[in-house]
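In each ligand, atom 1 is the first atom listed, and ligand 1 is the first ligand listed. Note that the structure is a prediction, hence the values are computed from the model and not measured.
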Amino acid sequence: MTEEAFDVIVVGSCMTDLVSQAPRLPKAGETIHGHKFFIGFGGKGANQCIQAARLGAKTAMVGKDFFGDNYIQNFKDNGVHTDFVGQTSNSATGAASIIVNDAGENAIVIVAGANMLLGSEELHKALPAIRHTKVLVCQLEISPQTSLQALRMAQENKVKTIFNPAPAIPDLGPEFYGVSDVFCCNESEAELLTGSSVGNVDEAHKAGQELLKRGCRSVIITLGPQGCVVLKVEEPSPKYVPTTAVTAVDTTGAGDSFIGALAFYMAHYPTMPLEEMALRANRVAGVSVQAVGTQTSYPFRKDLPAELF
Ligand SMILES: Nc1ncnc2c1ncn2[C@@H]1O[C@H](COP(=O)(O)OP(=O)(O)O)[C@@H](O)[C@H]1O
Ligand SMILES: *[C@@H]1O[C@H](CO)[C@@H](O)[C@H](O)[C@H]1NC(C)=O
């Protein structure tokens, strides 16, 4: 098994994105003409896994998709190990219907489909690999109980964990705060979880402190063009990690690019300070917002400056 050890294992979602671009979002009952349609590969879990792989991490995905080979091929094309991606015909493929207007705003309906069938059986099959991976990453686009179980399996085996509570659920159980090394979310998720507004660095620091109180060991809250804040239970003062704001073309999946990069850095540079990893993850995610699409906008190692490695 040792020669099979992965840098990063992601237990999470695969989604097929159905994207329509239209001048504006339709109202209820209305039909409007759009000017472009495309099908893309998405799902937070898969996105994060592919960004980590593109930076050079040896990755495996633990997921479930509708019986079809498209997504498996997409993982393979990105160098992701797919033995733990189960296929089923008992549910439709996880799908995200996305409408994007000319201002770049969107409206999204997610139907998790096959992602909800991922459970204990698949986790047990992946356990030998989970035991030896350097980093495990989970989100909330699969059953929360499956994420919790995966995070606990990793912790029992002293594997570093990242938990991205996205999409956030307001009544997230208290047990979710203590099961990761890094709890990483965006402004709206931090707001929903803590119940207080998170619109600037100061408010993000306060929300981060509340998340530490709930049991998190470290917290990162991403702030779009402003970068992110980093808090650690062992250091009383929160850190603001700014970034160089760029003109965004499409910010879809920026948070997933950030988390995939963070997973890569945690696996490859285990002693690097978390603020330095966050600074570099800001830079990677900043590149991803400058091209259209989700995974299609994620940079490869060769596209990035050498100082990031
Ligand atoms: N306009 C931007 N300029 C530079 N970096 C950006 C920009 N937008 C997003 N980022 C980077 O992407 C990260 C995640 O973005 P954010 O909007 O917080 O996440 P989400 O995709 O979850 O909404 C930010 O922390 C930052 O590093
Ligand atoms: C945060 O992520 C969620 C998806 O989990 C997304 O719907 C929301 O728009 C994001 N918020 C910000 C401020 O980027």
Side-chain angles (χ1 to χ4, degrees), residues 12-13 15 17 25 42-48 51 55 94 96-101 103-110 112 115 137-142 144 147 162-170 172 176 182-194 196-201 203-204 207-208 219-231 239-265 274-295 297-299 304 308:
S13 55
M15 298 269 184
D17 289 345
L25 308 179
K44 290 174 187 295
N47 293 344
Q48 294 170 13
Q51 179 62 88
L55 298 182
S97 300
I98 305 174
I99 302 164
V100 185
N101 69 15
E105 295 161 328
N106 57 35
I108 305 179
V109 179
I110 288 176
N115 290 298
V137 189
C138 284
Q139 320 73 24
L140 289 174
E141 272 181 353
I142 58 171
S147 288
I162 301 174
F163 178 47
N164 170 220
I169 40 182
L172 185 69
F176 281 89
V182 182
F183 187 97
C184 182
C185 62
N186 71 14
E187 291 160 278
S188 14
E189 287 146 2
E191 198 165 300
L192 197 79
L193 293 171
T194 62
S196 39
S197 114
V198 182
N200 57 44
V201 174
E203 290 177 343
V219 174
I220 298 180
I221 302 176
T222 61
L223 302 170
Q226 295 191 85
C228 62
V229 297
V230 176
L231 297 95
K239 301 258 160 43
Y240 170 44
V241 184
T243 196
T244 311
V246 298
T247 308
V249 174
D250 180 356
T251 61
T252 321
D256 293 336
S257 170
F258 183 98
I259 288 169
L262 181 68
F264 164 81
Y265 290 120
L274 190 57
E275 300 90 280
E276 178 62 26
M277 295 192 207
L279 184 142
R280 295 184 189 199
N282 270 338
R283 299 264 311 268
V284 175
V287 172
S288 83
V289 304
Q290 296 178 68
V292 287
T294 304
Q295 293 175 15
S297 72
Y298 289 178
L304 294 162
L308 293 184

Report task. For the pair Asn282 (side chain) and Val241 (backbone), establish whether a donor and an acceptor sit closer than 3.5 Å, ignoring hydrogens and angles. Result -> yes
Report task. May I ask you to list the atoms of ligand 2 that are less than 4.0 angstrom from any heavy atom of Pro167? Result -> 5 (O)
Query raised in the report: Mind checking whether Thr222 has an N or O less than 3.5 Å away from an N or O of ligand 1?
Result: yes
Query raised in the report: Just going by heavy-atom distances, which of Gly253, Gly224, Gly255, Ser188 is nearest to atom 9 (C) of ligand 1?
Result: Gly224
Report task. Give the atoms of ligand 1, by number and element, whose distance to some non-hydrogen atom of Leu223 is under 4.0 Å. Result -> 18 (O), 25 (O)
Report task. Report yes or no: does Asn101 contribute a side-chain atom to a donor-acceptor pair with the main-chain N or O of Leu25 at less than 3.5 Å? Result -> no
**Report entry** Top protein contact for atom 11 (C) of ligand 1, by heavy-atom distance
**Finding:** Ala285 CB, 3.7 Å
Query raised in the report: Can you tell me if Glu141 uses its side chain to pair, donor with acceptor, with the backbone of Ser13 under 3.5 Å?
Result: no
Requested in this report: Considering only non-hydrogen protein atoms, determine which one is nearest to atom 14 (O) of ligand 2 and report residue, atom name and distance to 0.1 Å.
Outcome: Asn186 ND2, 3.6 Å
**Report entry** Heavy-atom pair of closest approach, residues Met15 and Ile110
**Finding:** CE-CG2, 3.3 Å
Query raised in the report: Is it true that a side-chain atom of Gln51 and a backbone atom of Ala46 form a donor plus acceptor pair closer than 3.5 Å?
Result: no
Query raised in the report: Of the non-hydrogen atoms in Leu223 and Ala204, which two are nearest, and what is the gap between them?
Result: CD2-CB, 3.9 Å
**Report entry** Interfacing atoms of ligand 1 (cut-off 4.0 Å, heavy-atom, Val246)
**Finding:** 1 (N), 2 (C), 3 (N), 4 (C)
Report task. Quick one: closest heavy-atom pair of Val198 and Ala207, and the distance? Result -> CG2-CB, 3.7 Å
Requested in this report: Please check if a non-hydrogen protein atom sits closer than 4.0 Å to atom 5 (O) of ligand 2.
Outcome: yes
**Report entry** Which segment of Asn186 sits under 4.0 Å of ligand 1 when only heavy atoms are counted
**Finding:** side chain
Report task. For ligand 1, find out whether one of its N or O atoms is nearer than 3.5 Å to an N or O atom of Ala248. Result -> no
Report summary line: Closest non-hydrogen atoms of Ile220 and Ala278, given as atom of the first, atom of the second and distance, are CD1-CB, 4.4 Å
Report summary line: The protein heavy atom nearest to atom 3 (C) of ligand 2 is Glu189 OE2, 3.4 Å
**Report entry** Gly12 versus Asn115, closest heavy-atom pair with distance
**Finding:** O-OD1, 4.3 Å
Query raised in the report: Can you list the ligand 1 atoms lying under 4.0 Å from a non-hydrogen atom of Asn282?
Result: 25 (O), 26 (C), 27 (O)
Report task. Ignoring hydrogens and angles, tell me if any N or O in the side chain of Thr252 forms a donor-acceptor pair with the backbone of Gly293 under 3.5 Å. Result -> no
Report summary line: For Thr244, the atoms of ligand 1 under 4.0 Å from one of its heavy atoms are 4 (C)
Report task. Identify the heavy atoms of Ala285 and Ser257 that sit nearest to each other, and give their distance. Result -> CA-OG, 3.5 Å
Query raised in the report: Going by the order shown, which atoms of ligand 1 are within less than 4.0 Å of some heavy atom of Gly227?
Result: 24 (C), 25 (O)
Query raised in the report: Which ligand 2 atoms does Lys44 reach within 4.0 Å, using its non-hydrogen atoms?
Result: 4 (C), 5 (O)
Requested in this report: Applying side-chain contact (heavy atoms from CB on, under 4.5 Å), run through Tyr298 and Leu55 and close with a yes or a no.
Outcome: CA-CA 9 Å; Tyr298 289 178; Leu55 298 182; over 6 Å; no
Query - Per-atom contacts of ligand 1 with Gly286, taking only distances under 4.0 Å to non-hydrogen atoms - result: 5 (N)
**Report entry** Thr247 and ligand 1 - part of the residue with a heavy-atom distance under 4.0 Å
**Finding:** neither
Report task. Mark up the atoms of ligand 1 that fall under 4.0 Å of a heavy atom belonging to Ala245, in ascending order. Result -> 3 (N), 4 (C)
**Report entry** Interfacing atoms of ligand 2 (cut-off 4.0 Å, heavy-atom, Ser188)
**Finding:** 1 (C), 8 (C), 10 (C), 11 (N), 12 (C), 13 (C)
Query raised in the report: What atoms of ligand 2 come within less than 4.0 Å of a heavy atom belonging to Ala166?
Result: 5 (O)
